[in-house]
Number of protein chains: 2
Amino acid sequence: MKERDELDRCDCNVIHEDVVNAVREKMPSEENLYDLAELFKVFGDTTRIKILWALAESEMCVCDIAVLLNMTQSAISHQLRILRQARLVKYRKEGKIVYYSLDDEHVKHIFNQGLIHINEKY
Amino acid sequence: MKERDELDRCDCNVIHEDVVNAVREKMPSEENLYDLAELFKVFGDTTRIKILWALAESEMCVCDIAVLLNMTQSAISHQLRILRQARLVKYRKEGKIVYYSLDDEHVKHIFNQGLIHINEKY
DNA sequence: TACAAATATGAATAATCGTTCAAGTGTTAA
DNA sequence: TTAACACTTGAACGATTATTCATATTTGTA
């Protein structure tokens, strides 16, 4: 029985079964919630935040970003791969130089909402 | 010399010094970027995303959340502490029961922006 | 008072993650 | 073709993190 399993697992009794059921019906799919967490995980690193903020300002090559953030070019390249996989940045090659830029307009909107939260609190 | 240090560190030459300088001036403070990353780090976990989404729907006690997510009450309690510290949830006590609810209206806005990004891509 | 229930917390463990280092592409120019 | 440069990548290391387990704490109740 499903309910029995859940109680065994949660280690407590259901206090408000009606609330739980109502909320359960309104929850997005497991997949959607997972993807959402994965997206925010990408934003949850200072280096990547800085890279995205920089690219929101201007297209830049890997070396420029490394200089701007005072980090090794290798570290930047690793982070750019993660941003690429999340489809947050795109790139174009010009000879040996690779130029990165934002691939998503609402990154700025998400950041701004985040800043609102931070600055509103005290 | 600052520039020398940066070049040592980034392991490459400045390609577009003008771009780097222009972007540097537009960057928010180190502190702001750090706080922003910390906020998104909190969103970057499936369990916490689920908790926040549930609380966006209805006030719930710890036990209810544990049943809803099929997790131990202890695990939920640990995550609620993180959400409390980030000022994303608030709580009220009623006897031995602790009811949690959202403490921030734009959590929903941030989530919605995130979903837009996810769903727009293919 | 003693007990059970709801929640919180500290320590431990396993998994994940960011950076570094070393070695690899691919491209330009001598 | 050789060398230098811009960048990428894989492995390794240390740090962080989510969950579990055991143990508190607080409150209602017998």
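The figures that follow rest on heavy atoms only: side chains count, while hydrogens, waters and symmetry mates do not. Nothing here was measured: the structure is a model prediction, and the numbers come from that model. Lettering follows sequence order; numbering is per chain, from 1.
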Using only heavy-atom distances, decide whether a donor-acceptor pair under 3.5 angstrom links the side-chain of B/His78 to the base of D/dT20. yes
Should the side chain of B/Gln73 and the base of C/dA8 be counted as holding a donor-acceptor pair, with the cut-off at 3.5 Å? yes
Nearest-Å distance for atom pair [atom1]/[atom2], residues [X] and [N]:
{"X": "A/Leu80", "N": "D/dT9", "atom1": "CG", "atom2": "C1'", "answer": "13 Å"}
{"X": "B/Asp45", "N": "C/dC17", "atom1": "CG", "atom2": "P", "answer": "11 Å"}
{"X": "B/Glu38", "N": "C/dG18", "atom1": "CD", "atom2": "P", "answer": "12 Å"}
{"X": "B/Lys41", "N": "D/dT16", "atom1": "NZ", "atom2": "C1'", "answer": "8 Å"}
{"X": "B/Arg84", "N": "C/dT7", "atom1": "CZ", "atom2": "C1'", "answer": "10 Å"}
{"X": "A/Ile76", "N": "C/dT20", "atom1": "CD1", "atom2": "P", "answer": "9 Å"}
{"X": "A/Ile65", "N": "D/dA6", "atom1": "CD1", "atom2": "C1'", "answer": "13 Å"}
{"X": "A/Lys50", "N": "C/dG18", "atom1": "NZ", "atom2": "P", "answer": "14 Å"}

Between the side chain of [X] and the main-chain N/O of [Y], is any donor-acceptor distance below 3.5 Å?
{"X": "A/Lys90", "Y": "A/Leu102", "answer": "yes"}
{"X": "B/Arg24", "Y": "A/Leu69", "answer": "no"}
{"X": "A/Asn21", "Y": "A/Glu17", "answer": "yes"}
{"X": "A/Asp64", "Y": "A/Met60", "answer": "no"}
{"X": "A/Asn32", "Y": "A/Pro28", "answer": "no"}

Could you pick out which residue, A/Glu94 or B/Val62, lies toward the 5' side of DNA chain C when each is mapped onto its nearest nucleotide? B/Val62
Does B/Cys61 or A/Lys96 map to a spot on DNA chain C nearer the 5' end, using the closest nucleotide for each? B/Cys61
So with a 6.0 Å cut-off around OH of A/Tyr99, is the heavy-atom count from everything else above 12? yes
For B/Glu105, look at atom CD and say whether over 12 heavy atoms of other residues, nucleotides or ligands are found less than 6.0 Å away. no
[N] phosphate, OP1 or OP2, under 4.0 Å from [X] side-chain N/O:
{"X": "A/Thr72", "N": "C/dT20", "result": "yes"}
{"X": "B/Tyr100", "N": "C/dA8", "result": "yes"}
{"X": "A/Arg81", "N": "D/dC7", "result": "no"}

Mind checking if B/Ile15 touches a base, just sugar-phosphate, or nothing, with heavy atoms under 4.0 Å? sugar-phosphate
Counting side-chain heavy atoms from CB outward, which of [options] is closest to [X]?
{"X": "B/Cys63", "options": "C/dT7, D/dA6, C/dT19", "value": "C/dT7"}
{"X": "A/Arg48", "options": "D/dT19, D/dA18, C/dG18", "value": "C/dG18"}
{"X": "B/Ser77", "options": "D/dA6, C/dT19, C/dA8", "value": "C/dA8"}
{"X": "A/Gln79", "options": "C/dT19, D/dA18, D/dT19", "value": "C/dT19"}

Please produce a list of atom pairs where a protein N or O lies less than 3.5 Å from an N or O of nucleotides 22-25 of chain D.
none

Parallel under 30°, tilted from 30 to 60°, perpendicular over 60°: which one fits the rings of B/Phe43 and B/Phe111? perpendicular
